[in-house]
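First comes the structure, then the notes that go with it.
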Amino acid sequence: MSEIAGQTGLRAGASAVVNESYSFACMRCGHGWEQSYEIEHHKDAAGHEFVLYVADGKVVPSPLSKPECHHCDSHVVRIMRPGRVASARDAAHRPSRVPPPAGPVEVPAAADGADGEEREHHHWHLSDLLHPFQRKAS
């Protein structure tokens, strides 16, 4: 999820840059998106460390503090590892594998020599199906 970048391409004052990507899903409207961030590590004049989140070249608030859906402005947003939205979209566009409808079931002929005609006219009742599970009286 993160990757430490070398010293090349750092903004003024940044000591390191970490690249992180996240997937987001709005729990209100269902909108999903992914975003990559450059997380720049800095020190202020007093020596205190702070980070800046940069997305698409602009400094933005931390996506972990209070993410917002750009579709409906809701703050009820789920944050996931990168690739989750893309994999869900791919799955939605794949043809589904629906098995063909099942045909009629054929009852095999009785092996004990019983008349198949008699068996074919038997009406099954729930008690017939539950019979093997009934307890024997002691």
Side-chain angles (χ1 to χ4, degrees):
M1 194 143 74
S2 64
E3 171 185 313
I4 304 268
Q7 292 293 325
T8 59
L10 297 177
R11 292 178 193 262
S15 59
V17 175
V18 177
N19 294 312
E20 291 196 5
S21 297
Y22 301 98
S23 292
F24 301 90
C26 179
M27 299 289 101
R28 180 175 171 207
C29 72
H31 179 67
W33 70 100
E34 297 189 9
Q35 182 67 54
S36 294
Y37 299 89
E38 292 178 349
I39 304 169
E40 299 179 348
H41 293 260
H42 296 268
K43 286 189 180 182
D44 64 12
H48 298 102
E49 294 183 10
F50 68 97
V51 295
L52 293 176
Y53 284 81
V54 180
D56 300 325
K58 298 176 188 172
V59 176
V60 296
S62 167
L64 306 177
S65 59
K66 196 172 183 183
E68 181 179 328
C69 175
H70 301 290
H71 192 256
C72 71
D73 298 326
S74 172
H75 290 281
V76 183
V77 175
R78 181 173 181 183
I79 304 170
M80 302 168 285
R81 68 176 185 251
R84 301 294 288 181
V85 172
S87 65
R89 283 189 183 137
D90 290 345
H93 289 74
R94 267 187 247 135
S96 61
R97 295 183 182 175
V98 178
V105 178
E106 294 183 27
V107 178
D112 61 357
D115 186 8
E117 181 90 17
E118 178 183 323
R119 201 169 240 252
E120 189 174 320
H121 293 291
H122 182 77
H123 294 283
W124 290 96
H125 298 281
L126 182 59
S127 61
D128 294 332
L129 298 173
L130 296 176
H131 182 73
F133 301 106
Q134 294 175 348
R135 289 185 173 174
K136 294 182 180 180
S138 302

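All figures in this text were calculated on a predicted structure; none of them were measured in a lab.
You'll find the side chain of H41 stays beyond 4.5 Å of the side chain of V17, heavy atoms only.
The heavy-atom pair separating C26 from C72 by the smallest distance is SG-SG, 3.6 Å.
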- prompt: Given H48 and K43, is the side chain to side chain contact (heavy atoms under 4.5 Å, CB included) satisfied, shown in steps?
  reply: CA-CA 5 Å; H48 298 102; K43 286 189 180 182; over 6 Å; no

- request: Determine, stepwise, if the pair I39 / E20 fulfils side chain to side chain contact (heavy atoms under 4.5 Å, CB included).
  value: CA-CA 7 Å; I39 304 169; E20 291 196 5; 3.8 Å; yes

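Transitive grouping of hydrophobic side chains (ILVMFWY, heavy atoms separated by less than 4.5 Å) brings V18 and I79 into a common cluster.
For S21 (side chain) and P82 (main-chain N/O), no donor-acceptor pair under 3.5 Å exists by modelled atom type.
Atom CZ of residue F24 and atom CH2 of residue W33 lie 6.5 Å apart, to the nearest 0.5 angstrom. The CE atom of M80 lies 8.0 Å from the CD atom of E34; values are rounded to the nearest 0.5 Å. Here L52 contributes atom CG and E38 contributes atom CD; the two are 11.0 Å apart, rounded to the nearest 0.5 Å.
Crowding of H75 atom NE2: a count of heavy atoms from other residues, nucleotides or ligands under 6.0 Å exceeding 12.
Between F50 and H42, the angle of the ring planes stays under 30°, which puts this pair in the parallel group of the 30/60° scheme.
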Atom pairs and distances, donor-acceptor, side-chain atoms in residues 62-70, under 3.5 Å, two or more places apart:
from	atom 1	to	atom 2	distance (Å)
S62	OG	L64	N	3.1
S65	OG	S62	O	2.9

